[in-house]
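First up is the structure itself, then whatever we jot down about it.
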2 protein chains.
Amino acid sequence: MASLKDVAVHAGVSVSTASLALREDPAVKEVTRQRIRRVADELGYRPNGIARDLKVKKTDMIAVLLHDLGGPFYSELLRGVQDRSHQRGFTAIVACSAKGKSSAMTRLLLENRVAGAIILDPVIDESEISSVASEDLPIVVLDREIQAPHVYAVSADHEGGAFKATTHLLDRGYRLIGFLGGPEDSFHSRMRFEGYRRALSQAGVDFDGDLVCYGMFTEDSGYDAGFRLFANGRHPDAIFAANDEMAIGLLRSLEEQGLSVPDDVALVGFDDIRLTQYVSPALTTVRQPMYQLGSDAVEQLFQILSGNADIESVMLSTELVIRQSSGVTPRSPIRG
Amino acid sequence: MASLKDVAVHAGVSVSTASLALREDPAVKEVTRQRIRRVADELGYRPNGIARDLKVKKTDMIAVLLHDLGGPFYSELLRGVQDRSHQRGFTAIVACSAKGKSSAMTRLLLENRVAGAIILDPVIDESEISSVASEDLPIVVLDREIQAPHVYAVSADHEGGAFKATTHLLDRGYRLIGFLGGPEDSFHSRMRFEGYRRALSQAGVDFDGDLVCYGMFTEDSGYDAGFRLFANGRHPDAIFAANDEMAIGLLRSLEEQGLSVPDDVALVGFDDIRLTQYVSPALTTVRQPMYQLGSDAVEQLFQILSGNADIESVMLSTELVIRQSSGVTPRSPIRG
DNA sequence: TTGAAAGCGCTAACAC
DNA sequence: GTGTTAGCGCTTTCAA
């Protein structure tokens, strides 16, 4: 592998001149520069970014750590990350946040290979994240609340989205509204539950713990929950599921129980995954601004790395997407 | 940021001893090692991987370049990459293969930051890839045929999958089998077309160019194609679509044209994306071994980097997944 | 306009 | 067992 020194020798100049020339520094005479460039090409010279980073003690790489590489709906998020990174001169690399000796967490974050990181992982330990963040490694967490030095937050408004979803059901006249949550320690599930509670409370509807059930954010767990929710004579007239996967599982179980959606039971999900448009009836849900989440996270990191002092948490609003599963005509509107 | 030297000074040892100690080298006396470890912790020392890589002139990082970060069905692929990387001691980082000044292609591959790369991008220029591959940067391309030094291939058997799909339709008695391709220069589309042709030919069924149509691998383009395929009195009794997205668009257009699937027209797709199970009728399709594709790509890279001389291209077989869209009962079986 | 030299943080001979 | 030393390939003063 040809090094800068090789280029310099072959071009009959010093290393420093070669370095300047290849970076198009105007201090180097045009003709010299061209000669150096030509030699570099002939030798197949490629700059060694590692060495460069070491010397200048900084890097343009930022890491995006995801819990589940390739989860179907990171797509938009990564597009946002990509676009903004490009705009800010970063190179974003994505990896899995799993812990371990040769993991990305270790290699990229603990070994100083990136300038900063964006983490979207609802299950990784809070202490893990705060212990890894430092002066030299600011971390932006997505959809989490972590109070620690050098940890910053960009979130979608889950509570607000859940509030909108539940209020939507209330508007359509439903009163026995069930809640299907994810794992109880999940931030997403908790926030969505709180929005649900707030909507009920604001509408003056009593909360009924019997109408609450938990799954694991998977389709199968939603399916199972569908039976539990209607066991023992309980009969919610609507259900707000904390994510679409579970809502879809729920849909399947309701069908099996001979219940029609939305006629017997209305249903609202969360996330707006692609499938929601294809199930029958199409699922009313809450959309998160994934693109902007990614884009804002990078921007946040950029500001931090630029030494900007006053960084505030960002909260992005969510949007209710009304489809068929929540009924069509308001039956006894209580608002709007 | 505390460096190894800082640790050494504070612990009253030399840098090399500190280095050895922190890497748990048994040459260092236990008590010294513990002292050094403690000092390192106190100082919040973190090894600088960049410096290490520069010194040892190698790195454990490999890059996975995808055309479209987060495309819905890279999930399995990345899981395969992840698992095998871990097993082989690599750290895999994923990035977008788009070209550009501060792109991953440039930063990671051209600046010597990774030991090798895996590229899955059906549209990136072949010359781009072969020019970037080198002695020091072996590249494994997925689902492409590139003949160039230091470029290796791992593919799914698209031709074979298409052959299976088409033969399946023939087995069920269909004879006017249309083909809905992707962009004509696409490797995937071409391979799948060839499998289609071979199946027809082997069954002694004449190929009819009028039954062929092209889209862009998107649902919408499949929808549009659905009208073209049935314009001017043409009437295929079955269609093999080169991917599921188009097949699903096609499904929608057939429905709009009052044609029933599979009664009026049978349909087979390719890829086995999740949606295929949810559309109605559920789509018969061809599944690629995505996990294995990822896992084998990493293994291939590992072998190359280990100096293994005889590396051969890998071709993985695909699997026909029979659902409702291709009819239920064979109407006049020609085989099996 | 170009060159000499220092050094980023680390590892690996080699010496003691 | 531990220390000394010489770089890895690059950028960046500072001199010439």
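Hydrogens, waters and symmetry mates are skipped; everything else that's a heavy atom, side chains included, is used. Note that this is a predicted model, so its numbers are computed, not measured. Letters go in sequence order (proteins before strands), and every chain restarts at 1.
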Legend entry - A/Lys55 (side chain) and C/dG7 (base): donor-acceptor pair under 3.5 Å: yes
Inset, instruction - Take B/Val13 and A/Pro47, find for each the nucleotide of DNA chain D with the closest heavy atom, and name the residue whose nucleotide sits nearer the 5' end. - result: B/Val13
Inset, instruction - Would you mind telling me which residue lines up with the more 5' stretch of DNA chain D, B/Ala51 or B/Thr32, judged by nearest nucleotide? - result: B/Thr32
Under a 3.5 Å cutoff, is there a donor and acceptor pairing between the side chains of [X] and [Y]?
X        : Y        : value
A/Ser103 : A/Arg107 : no
A/Ser127 : A/Asp125 : yes
A/Arg23  : A/Ser19  : yes
A/Gln288 : A/Asp271 : yes

Minimum-distance nucleotide (side-chain atoms of [X] versus [options]):
X       : options               : answer
B/Lys29 : D/dG1, C/dT1, D/dG9   : D/dG1
A/Val28 : C/dC10, D/dT11, C/dT2 : C/dT2
B/Leu4  : C/dC10, D/dT11, C/dT2 : C/dC10

Can you tell me the distance, in whole Å, between the [atom1] atom of [X] and the [atom2] atom of [N]?
X       : N      : atom1 : atom2 : result
B/Arg46 : C/dC10 : CZ    : P     : 13 Å
A/Glu30 : C/dT1  : CD    : C1'   : 13 Å
A/Lys57 : D/dT11 : NZ    : P     : 16 Å
A/Arg52 : C/dG9  : CZ    : P     : 16 Å
B/Gln34 : D/dG1  : CD    : P     : 14 Å
B/Leu22 : C/dG9  : CG    : P     : 15 Å
B/Leu54 : D/dA6  : CG    : P     : 18 Å
A/Asn48 : D/dT11 : CG    : P     : 9 Å

Legend entry - Side-chain donor/acceptor of A/Asp143 to backbone N/O of A/Ala156, under 3.5 Å: yes
Inset, instruction - Assign A/Ser19 to base, sugar-phosphate, or nothing according to its heavy-atom contacts below 4.0 angstrom with the strands shown. - result: base
Inset, instruction - May I ask you to verify if any side-chain N or O of B/Ser14 is less than 4.0 angstrom from the OP1 or OP2 atom of D/dT2? - result: no
Inset, instruction - Look at A/Arg33 and C/dT2 and indicate whether a side-chain polar atom (N or O) is within less than 4.0 Å of OP1 or OP2. - result: no
Inset, instruction - Could you pick out which residue, B/Ser16 or A/Arg35, lies toward the 5' side of DNA chain C when each is mapped onto its nearest nucleotide? - result: A/Arg35
